[in-house]
Amino acid sequence: MHAEKTVEKELNTHEYWDCWRLETDKGRQRWFFDYPEGVHTDAEKADFLQKMNLAFDFDKAKNPNSADKVVRYLLEKENPEKSVSKNDPVDQALTKGFEFYSRLQVEDGNWTGDYGGPHFLTPGLIIVSYIIGHQFHPAQVEMMKKYMLNHQNADGGWGLHIEDHSTMFGTVMQYVSLRIMGMSAEAPEIVKARAFIQNHGGATGIPPWGKFYLSVLNLYEWDGNNSIFPELWVLPRNLPLHPGNYWNHCRMVYLPMTYCFSKKVKIEENDFIKELRSEIYTEPYEQINWKNARNACTSVDIFKPATKLYKSFIVVANAYEKVAWKHFRRKSDEFVLDYIHAEDEHTNYINIGPVNKVLNALCIWHAEGPNSEKLQKHIDRFDDYLWLAEDGMKMNGYNGSQLWDTVFAAQALIESNKVEEFPEMANKIYHFLDVSQVQEDVRDREKFFRTVSMHGWPFSTRDHGWPITDCTAEGLKSSILLNQYDVISNRNIQEDRMPGAIDFLLQMQNIDGSWASYEEKRGPKWMEMLNPSQIFGDIMVEVGYVECSSASIQGLKKFSDKYNYRKKEIEAAIEKGKHFIKRKQREDGSWYGSWAVCFTYGTWFGVDGLINCGESPDSEPVQKAVNFLLAKQNPNGSWGEEFKSCIEGKYYNIEEGHCVNTAWAIMALLKAECKNKTAIDKGIQFLLSKQEKNGDWPQENISGVFNGNCMITYTSYRNVFPLWALGRYNECRV
Ligand code: LAN
């Protein structure tokens, strides 16, 4: 009886998932919804959506991470399973794993997936859409609402990301969004969320970015914000304070923020806004002391407290606001708006990330009007960021991780020696590498502080276009490797399309030998003391990362092994890079990973980087790394790390182990030619035991991270890294 019920529920679930369709075009990915036949009237549609809601019931207590069941169900259905039969268990797992993964590869050659996690992105989109009067499809609204409710914590709040404890930022942002999406103030979930807000002192304690979002919604006075003055943009460029020297994500977020601050952009007050004002504060709105609220920040939210330097700086900035010189302000405003237009054009209205995506749209609405063509172009790109999974619909942390997932799949396939066995997959991969490589520099590059882009690779798609050091290196590496195979039919990425990537990588190396993420380091480290966010670390200026450095070295090395272009300079760059990697190694032999959880990730890059620099596996740093990893192996053969490792900079073990961490550790140990074969065999056994019948691996905890405190989902990691580790193992034992 019970079994029958489960089957029935599953069938129903699929019926609703089947109304959704993912379209992809050169990496652009968008979800479309169609009502099924027979659903015509408004009442029928509303009824259908309510039922669909149940098909997205999700138990956060089991695991707050979606397993990307919807897209995988649709793709698996489209691409039938093929049977695989190999004598050797490792080869069987590997081949089955690739067979399964090939079914998930979309037509244009990449892998799509959930890139959610942060809890401040979807609300940003909802808030801005409300202000600019953009209506989402009712099915999208239903799914976004569902997503937020699925992720509500037991205490009524939401955190900075899906695995986080509740914070004021997370809670107020979802609260306001859910209310905008039509939930009543008396709905039980809303009542609970309000209690969380009230019990933690009310929304005046929301961190600065939250104050900003509330201000444009007219739920918080602009006077309660510290000054974000636009004159910053026209200061002399050689001042460290000039935003042209900031980390590009910080620069691009503060750009529209300065516009809104300067123009005091806000929606007109209405009854709904007045209601919200009465719900999120502990005192009547009119009585709030806004000046005091400027620096208020709820303690559970704080990751990086405001420094003394920042507090002094802000006193000056706030004082300047009262005497700001009109002419200078007008000039600054003009530059800011020009720059917003330029970023929109450079990225084909995708924008660099999910935050400036919506904030630029807001500025364009304000500057160009609600019916402007430019606003429409912005709105057309909203869907590029929306992702549907079994937990509902969310805004992704980027317009996807298409290139990134594809380069790892390429290398896993190559190292496993499976290119010839999966020629279609390999050809599609190559095609995506081809169409995602950037083919031009941006206009007015220097005026807008952009570096060269020509022949770099971005993290997602060519239309997005911002090249990244490690993405470029991995794209280059994958192209060079795949060029060796006759089964690849259109080998378009040849010598003429590589020097640009090399120029970019060489130009991006920092004086200390490191590589940062998108650009070279442009400002001093102490600038971080002016970080106003309180919730993110390392946002002010670029930082040298072991991951980006190791990847860049590997890319340069692979190129230099085959071509002669700038050979001497490459050699020197690799040598300098080696010293950086060595300096970054911790006493215990590990490296801290900044972009995934955490030391197993960093150490995988550290070891691979050193070996590529010509360091012997027997050398001290490599052996120290081996010993570190061996010491962290769990009795069941696995490795596993909690996301807390990233936040505290200290290894937090998960005893039952995670496939992704295990894969990174095994890859590092194999690269280091670790003599302890038993440890590696045990790790491999763990991966084999975890593989599911269809060739997939289970979705475990969140893998990605940024700015030290915010986690982000990479659902492809659970496939691509176990495969790569098995492949490397398989080849090493031959
Ligand atoms: C990313 C995603 C990719 C990531 C790697 C390529 C994996 C990394 O090796 C270098 C850094 C980079 C490019 C990166 C930087 C920070 C990003 C852009 C993100 C984690 C995706 C989302 C995040 C962005 C900052 C989110 C918006 C939040 C702000 C604080 C602006």
Side-chain angles (χ1 to χ4, degrees), residues 113-125 160-161 169 207-210 212-213 246-257 303-304 347 350-360 385 394-408 456-461 464-475 508 514-519 531-540 542-552 554-555 591-597 601-602 604-605 609 646 702-714 716-717:
D114 191 335
Y115 199 50
H119 268 332
F120 57 99
L121 306 176
T122 319
L125 181 64
L160 185 61
H161 56 85
F169 188 34
W209 286 29
F212 174 87
Y213 283 109
Y246 299 175
W247 182 44
N248 61 350
H249 275 279
C250 183
R251 182 191 321 146
M252 300 323 292
V253 167
Y254 279 98
L255 179 75
M257 281 189 176
F303 172 56
K304 295 281 172 189
T347 61
I350 297 168
N351 299 106
I352 193 171
V355 178
N356 83 327
K357 166 67 213 159
V358 300
L359 298 187
N360 278 19
Y385 278 91
K394 69 214 72 173
M395 187 181 200
N396 272 343
Y398 221 74
N399 66 322
S401 52
Q402 297 85 330
L403 184 276
W404 193 241
D405 294 329
T406 307
V407 289
F408 287 142
W457 270 274
F459 179 68
S460 54
T461 59
H464 178 288
W466 277 87
I468 304 171
T469 55
D470 51 5
C471 299
T472 298
E474 303 285 0
M508 289 310 111
S514 70
W515 278 263
S517 61
Y518 294 75
E519 293 166 343
N531 177 349
S533 74
Q534 312 222 24
I535 52 179
F536 302 118
D538 282 340
I539 64 166
M540 293 304 287
E542 279 277 17
V543 175
Y545 297 105
V546 68
E547 298 100 308
C548 301
S549 303
S550 166
S552 299
Q554 294 176 46
W591 283 265
Y592 174 81
S594 296
W595 304 111
V597 182
Y601 187 67
W604 168 48
F605 276 104
C646 304
I702 200 153
S703 303
V705 60
F706 57 91
N707 303 121
N709 194 31
C710 192
M711 303 300 135
I712 188 159
T713 302
Y714 288 84
S716 64
Y717 281 13

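Counting convention: from 1, in listed order, for ligands and their atoms alike. For the numbers below, each heavy atom of this structure counts, side chains included, while hydrogens, waters and symmetry mates do not. Computed from a predicted structure; not experimentally measured.
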### Query
In the protein, what heavy atom is nearest to atom 15 (C) of ligand 1, and what distance, to one decimal place, separates them?
W595 CZ3, 3.4 Å
### Task
Examine the proximity of ligand 1 to Y545 and report which part, side chain or backbone, both or neither, has a heavy atom under 4.0 Å away.
neither
### Query
Can you find a non-hydrogen atom of D470 under 4.0 Å from ligand 1?
yes
## Note on the structure
of all protein heavy atoms, closest to atom 13 (C) of ligand 1 is I468 CD1, 3.6 Å
### Query
With distance as the sole test, does N707 use its side chain to make a donor-acceptor pair with the main-chain N or O of G537 at under 3.5 Å?
yes
### Query
Does the side chain of W404 come under 3.5 Å of the side chain of S716 through a donor N or O and an acceptor N or O?
no
### Message
Using the ring centroid of each side chain, check whether Y398 and F459 are separated by less than 6.0 Å.
### Response
yes
### Query
Can you tell me the protein heavy atom closest to atom 28 (C) of ligand 1 and the distance?
F706 CE1, 3.7 Å
### Query
Taking N or O atoms only and a 3.5 Å limit, does Y115 qualify as a polar contact for ligand 1?
no
#### Entry: Region of Y254 that comes within reach of ligand 1 [heavy atoms, distance under 4.0 Å]
neither
### Message
I want to know whether F120 and F536 have ring centres closer than 6.0 Å.
### Response
yes
### Task
Identify, for atom 17 (C) of ligand 1, the protein heavy atom at the shortest distance, and state residue, atom and that distance.
H249 NE2, 4.2 Å
### Query
Which residue and non-hydrogen atom of the protein lie closest to atom 3 (C) of ligand 1, and at what distance in Å?
F459 CE1, 3.3 Å
### Message
If the contact criterion is a heavy-atom separation under 4.0 Å, does F605 count as touching ligand 1?
### Response
no
### Query
How are the rings of W604 and Y601 set relative to one another: parallel (under 30°), tilted (30 to 60°) or perpendicular (over 60°)?
tilted
### Message
I need the atoms of ligand 1 closer than 4.0 Å to a non-hydrogen atom of W247, numbered in the order shown.
### Response
15 (C), 16 (C), 25 (C)
